[in-house]
Number of protein chains: 2
Amino acid sequence: MMQTECRRCPLRKFPIFVKMTDREVDFMQSFKVGELKVDAGTTLMMEGSNSPQLYTPLRGMGLRYKTFESGERQVLNFVLPGDFIGLQAGVMHEMQHSVEATTHMTLCVFDRKALWTMFRDYPERAFDLTWLAAVEEHFLGESLAAVGHMDGLGRVARAFVRLHDRALAIDLVTKDGMHLPYKQQDLADALGLSLVHTNKTLKKLREREIAIWRDGQLKILSYPKLCAMAELSEAREPVLRPLI
Amino acid sequence: MMQTECRRCPLRKFPIFVKMTDREVDFMQSFKVGELKVDAGTTLMMEGSNSPQLYTPLRGMGLRYKTFESGERQVLNFVLPGDFIGLQAGVMHEMQHSVEATTHMTLCVFDRKALWTMFRDYPERAFDLTWLAAVEEHFLGESLAAVGHMDGLGRVARAFVRLHDRALAIDLVTKDGMHLPYKQQDLADALGLSLVHTNKTLKKLREREIAIWRDGQLKILSYPKLCAMAELSEAREPVLRPLI
DNA sequence: CGGGCTCTTGACACAAGTCAAATCGCGTGG
DNA sequence: CCACGCGATTTGACTTGTGTCAAGAGCCCG
């Protein structure tokens, strides 16, 4: 099957992604070594390993997480189309977290060795890479703040708002809501809550008719109320990010 | 007073910092526009602002934090000599957190506009900048994991181990322990604990003769026990990081 | 039909938050 | 020189959010 050309990349058109010049698009095309389709459950990157490849998901969702000696996990964030996977492996010696596909995923594959070419010959793109790292840092900081200071309801609300915003930005929200293929355990691990407590919190949101998450589908009934619970302003300017 | 030349930078010699070529050191010298001394309490960067300057602390300590509408703070991490301040402002439109000096600090000052020169003419240094961002991301991920999964004692232990390691790496640990000029409230805000609970946890560490933090001085009595509580192996290879 | 996930719910325990007050330094001004 | 106020640290008593345990329900799949 024909793989998608960067020129026709389905993601580039969305306004959350920083505009690229034609020359940059052409370079990205040469940087791209292929396309990968994986099934749900596939581990894309392993904590401690050093992948020779870097990815940008085109379709599907996944998650990044760290594992503890005890067997518990901390989910760092949810991976959506347009994210970049493997930057740590590219610049540090090894990945500090794992990445797993939650659904079937289609990913652009880049060669890690080409990263250096980027820095040498395409400073604009290298700059974008740093920018991207800064964006990741920003969102991690947000999560840390949420887990550090908000109660269960607030954390869940915030996660829903963030996911919804991101999905909306890449046109993944329909009148029925958005596809959210994770398990309650995944959300619990992301928010530092127990599974049971997460479940009870979701029930509250359902009962108060604020948001319903069922059968992998998230439907927000009252965005204003959800934002209020998440301590987020309804009118936020979206975080712009580069697309690699 | 004569300012320190990069060539004689007191930090470069420490092994946690990535080695630089002479050419790179010379470039950093040209990148450096001055040296700044600030008093304790000075706000170096403001959340939402866009500083025209970037800093690398040479001496002194500070902290990065986010503020909530409620007035509470989340401390993201503690700033020690060799960190880099302002990368977000440099690549994103504005800072997403504030940075404050906790003690008197001496900082190398770089011009934000020179950042682009770095990307254009010194790809190795641009690479290091990305690397640095990845290191920050890594530590934030660690903090998130700690706050998400460990109890008070574990979090405090982990913070102490991390701070101690970092201080040791830049020769700030003496037989009396290390200088740790923060308030209990700062630590509490970093760990997502209340001040009262943090205080009681510190008392436990004192009573069990594991670590004593008093009068701005942290003395670790049993590093093995502290590591065990922090769920960290005693033999960890240090995280290498570039120096900007 | 049975086994294995995931999701739900209820009962109970406990870690951590909140409230309140005492103590200790320390700098300031009378 | 001492009284005072202020910030940081301690401590105790009480409350509560969240974790843990346990069991059942719904569902898919072999």
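First the proteins, then the strands, lettered A, B, ... as listed; each starts at 1. Heavy atoms only: backbone and side chains are in, while hydrogens, waters and symmetry mates are out. Computed from a prediction, not measured in an experiment: that's the story for all the values here.
In this entry the distance linking CG of A/Leu153 with P of D/dT16 reads 17 Å, nearest Å. Distance A/Arg214 CZ to C/dC7 P: 13 Å, rounded to the nearest Å. With rounding to whole Å, B/Leu187 atom CG is found 10 Å from D/dT9 atom P. In this structure, the CG atom of B/Leu195 is 10 Å from the P atom of D/dT10, given to the nearest Å. Atom-to-atom, CG of A/Leu205 to C1' of C/dT8 comes out at 16 Å; the value is rounded to the nearest Å. Straight-line distance from the CG atom of B/Leu202 to the C1' atom of D/dT11: 14 Å, rounded to whole Å. Counting to the nearest Å, the P atom of C/dG17 and the CD atom of B/Gln185 are 11 Å from each other. In this structure, B/Asp151 atom CG and D/dT20 atom P are separated by 11 Å, rounded to whole Å.
Residue A/Gln184 places at least one side-chain N or O under 4.0 Å from the OP1 or OP2 atom of C/dT8. A close approach under 4.0 Å does occur between a side-chain nitrogen or oxygen of B/Lys203 and OP1 or OP2 of D/dT11. Considering only side-chain N and O atoms, B/Arg206 lies under 4.0 angstrom from the phosphate OP1 or OP2 of D/dT10. Side-chain N/O atoms of A/Asn199 include one lying less than 4.0 angstrom from OP1 or OP2 on C/dT8.
Nucleic acid contact class of A/Gly154 (heavy atoms, under 4.0 Å, all strands): none. When heavy atoms are screened at a 4.0 angstrom cut-off, B/Gly216 is found touching no nucleic acid atom at all.
Considering only heavy atoms from C-beta on, B/Arg241 comes within 4.5 Å of B/Phe139 through its side chain.
Classification of B/Asp189 and B/Lys66 as a salt-bridged pair fails, no side-chain N sitting under 4.0 Å from a carboxylate O. Using a cut-off of 4.0 Å between Lys/Arg side-chain N and Asp/Glu carboxylate O, B/Lys13 and B/Asp171 are scored as not salt-bridged. Taking 4.0 Å as the cut-off between side-chain N and carboxylate O, B/Arg64 and B/Glu100 do not count as a salt-bridged pair.
Here the side chain of B/Leu193 is nearest to one of D/dG19, D/dT9, C/dA16, namely C/dA16. When distances run from any side-chain atom of A/Val196 to the nucleotides C/dC19, D/dA8, C/dT9, the shortest one goes to C/dT9. Counting only heavy atoms from C-beta on, A/Ser194 has its side chain closest to D/dT20 among C/dA16, C/dT6, D/dT20.
Residue pairs meeting the side-chain hydrogen bond (donor to acceptor under 3.5 Å, both in side chains) criterion with at least one member in residues 197-210 of chain B, sequence neighbours excluded, are B/Gln184-B/Asn199.
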Counting only pairs under 3.5 Å, give me each side-chain donor-acceptor contact of residues 174-181 of chain B, with atom names and distances, residues two or more places apart or in other chains.
| from | atom 1 | to | atom 2 | distance (Å) |
| --- | --- | --- | --- | --- |
| B/Thr174 | OG1 | B/Asp176 | N | 3.2 |
| B/Thr174 | OG1 | B/Gly177 | O | 3.3 |
| B/His179 | ND1 | B/Gly216 | O | 3.2 |

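For the helix from C/dC1-D/dG30 to C/dG30-D/dC1, the end axes, each set by the C1' atoms of five terminal pairs, are bent relative to each other by 20° (nearest 10°).
Counting distance only, with no hydrogens placed and no angle test, the side-chain atoms of A/Lys200 and the base atoms of C/dG10 include a donor-acceptor pair under 3.5 Å.
B/Arg112 and B/Asn50 share a side-chain donor-acceptor pair at under 3.5 Å.
Between the side chain of A/His149 and the main chain of B/Arg73, a donor-acceptor pair closer than 3.5 Å is present.
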